[in-house]
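Remarks on the structure that follows.
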Amino acid sequence: MPAIVVTLACAAMLSLFVGSGFAADFPVIEIETTTSNATLDGVLRAALNTTELERAAEGKAQGWQPVVEAERLRLEELMRGQGYLEARVEMSASTVEAGAPEKVILKPLPGPLFRVGMVEVDGLDGVATDAVRDDVSRQMMEAAGRPARGDLLATLEDEVLWRLRTASFPFVHVTDRQLSPIPGQALARVRIVVDPGSPATFGAVTYSGLVGLKEEELNRLQPFTQGDPYDPEALDRFREALLAHPSVKAARLRLPDAVDAGGQLQLRAELEEGQVRSDEAAGTYRTGLVAAASAIAALAIRQVSVASLRSGRSRWPLWLEVVPVLLLAAAFYLIAQRMLLLAFPG
């Protein structure tokens, strides 16, 4: 099969600016992608760092060898991140022997695709409950047999961190990670080391940015009380409840850098209250006036027409009695609400 070759096309254009000796000073870089994996070939072709090579060709780097060597190592790391842990990139023999070649060919040799064979998580003993450890173990077992790619390892780390945070360890972080081949097999061992930090409970919530709202009103929105175990999902629900408040335009919850002496997190809620525009308030105010006038008209018609009721009837049907009352109640509510908002536009 003919090799698929990506060429540094701008080399010819750059030679117009650096003189006729350009080809002898800096070679054209090509990558030969014949890995039998179309996806990997596409990744390698797209990954060739033409920008850095152009800068080197313009004379901003000392010699071509360090630049090509750095590119070779970068492509090797890229393939290892795709799960090819024994990948290497070779240069053509003629290139190595020549002092100033016209062309450098990089040939990727990916080797076998490694899959996850074992996942170890260290740092859970003594801090996590059996339920949490079992939950982490089940999640790690789901990775077995999948390609040992960098994005999979990042996902595993996120899963471990999330489960420990929901177990009331808000400051857990990864201190070490290792990915190593298992001898004699195309399998890899993943080792993740975490530092759980201190467990935490919820403390008090202080507010900033309040104008018309009162802390007592916002405290009723909290889905937790002081002393409850820390739970990031409870924080999310609290943030959503704040944003759902009609007078809150934006809300941000700030966590401290550490727990206090009592093991509590003293939270800070930064709020931005929405401003009620005068035209909106006046519009609803007019709606309330219309509703009130309609209700009064209905009551007046009722009183005038009582005399026209048939013999033996002294009142209207129940639904006709209820409608004016509801209209009046809605009108008074709208008028009172908008008058308060206009008086206190917080």
Side-chain angles (χ1 to χ4, degrees), residues 120-140 153-177 191-277 337 340-341 343-346:
E120 300 175 352
V121 181
D122 293 342
L124 302 181
D125 295 340
V127 296
T129 63
D130 291 340
V132 173
R133 285 193 291 269
D134 291 343
D135 188 22
V136 171
S137 298
R138 283 193 299 271
Q139 186 63 34
M140 298 303 104
L153 303 185
T155 299
L156 293 179
E157 289 185 10
D158 289 343
E159 293 288 349
V160 174
L161 294 177
W162 174 252
R163 278 158 175 76
L164 282 177
R165 289 190 182 112
T166 56
S168 303
F169 290 90
F171 302 111
V172 60
H173 61 280
V174 174
T175 60
D176 190 20
R177 59 185 64 81
R191 183 170 180 263
I192 301 172
V193 183
V194 298
D195 179 6
S198 302
T201 57
F202 283 117
V205 180
T206 58
Y207 298 89
S208 63
L210 298 184
V211 179
L213 292 172
K214 304 299 181 183
E215 290 191 8
E216 295 76 10
E217 177 183 356
L218 297 176
N219 285 336
R220 290 195 292 269
L221 302 177
Q222 296 179 18
F224 54 82
T225 58
Q226 189 169 352
D228 287 349
Y230 169 80
D231 183 0
E233 293 183 346
L235 276 186
D236 291 339
R237 293 195 300 272
F238 183 35
R239 184 183 298 106
E240 292 172 358
L242 289 173
L243 291 174
H245 194 285
S247 297
V248 175
K249 181 180 178 181
R252 177 178 295 178
L253 296 179
R254 297 284 190 181
L255 289 176
D257 295 331
V259 297
D260 61 14
Q264 292 188 342
L265 288 175
Q266 307 301 330
L267 305 177
R268 181 177 180 83
E270 299 175 353
L271 304 182
E272 180 182 353
E273 295 186 24
Q275 298 294 325
V276 179
R277 297 187 307 181
Q337 181 189 49
L340 286 173
L341 289 175
F344 306 99

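The basis for the numbers below is simple: all heavy atoms, side chains too, and nothing from hydrogens, waters or symmetry mates.
Distance check, rounded to the nearest 0.5 Å: CD of Q266 to CG of L255 gives 11.5 Å. How far CZ of R191 is from CG of D122: 4.5 Å, rounded to the nearest 0.5 Å. Atom CE of residue M140 and atom CG of residue D135 lie 9.0 Å apart, to the nearest 0.5 angstrom. With rounding to the nearest 0.5 Å, the separation of CZ in R268 from CZ in R252 is 12.0 Å. The distance from the OG1 atom of T206 to the CG atom of L267 is 8.0 Å, given to the nearest 0.5 Å. Of the inter-residue distances, the one linking E240 atom CD with L235 atom CG reads 11.0 Å to the nearest 0.5 angstrom.
Taking all atoms of both residues into account, the shortest heavy-atom contact from L253 to F238 is CD1-CD2, 3.8 Å. Across every non-hydrogen atom of V205 and A269, the tightest pair is CG1-CB, 4.1 Å. Nearest heavy-atom pair, F171 versus D257, reported as atom, atom and distance to 0.1 Å: CE2-O, 3.5 Å. For the pair A167 and V132, the tightest heavy-atom approach, listed with the atom from each and the gap, is CB-CG2, 3.8 Å. Scanning all heavy atoms of the two residues, the minimum distance from P256 to L265 falls at CG-CD2, 3.7 Å. Minimum heavy-atom separation, P196 to V194: CD-O, 3.7 Å.
Side-chain atoms of E157 do not come within 3.5 Å of backbone N or O of V174 as any donor-acceptor pair. With hydrogens and angles ignored, the 3.5 Å screen pairs no side-chain donor or acceptor of Q139 with any backbone N or O of E159. In this structure a side-chain-to-backbone donor-acceptor pair under 3.5 Å is present from S168 to Y230. Remark: the backbone N or O of S208 is not paired with any side-chain donor or acceptor of E270 at under 3.5 angstrom.
With sequence neighbours excluded, no residue forms a ring-ring contact (aromatic ring centres under 6.0 Å, His included) with Y207.
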task = Given side-chain contact (heavy atoms from CB on, under 4.5 Å), test R133 with D130 step by step and report yes or no.
result = CA-CA 5 Å; R133 285 193 291 269; D130 291 340; 2.4 Å; yes
message = Set out, in order, the CA-CA distance, both residues' side-chain angles and the distance that settles side-chain contact (heavy atoms from CB on, under 4.5 Å) for V121 and L156, then state yes or no.
response = CA-CA 10 Å; V121 181; L156 293 179; over 6 Å; no
request  = Assess whether side-chain contact (heavy atoms from CB on, under 4.5 Å) is satisfied between E273 and L213, documenting all intermediate values.
outcome  = CA-CA 8 Å; E273 295 186 24; L213 292 172; 3.6 Å; yes
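Side-chain contact check for Q222 and N219: at least one donor-acceptor pair (N or O, by modelled atom type) lies under 3.5 Å.
Proximity of V172 to V160: side-chain heavy atoms (C-beta onward) are nowhere separated by under 4.5 Å.
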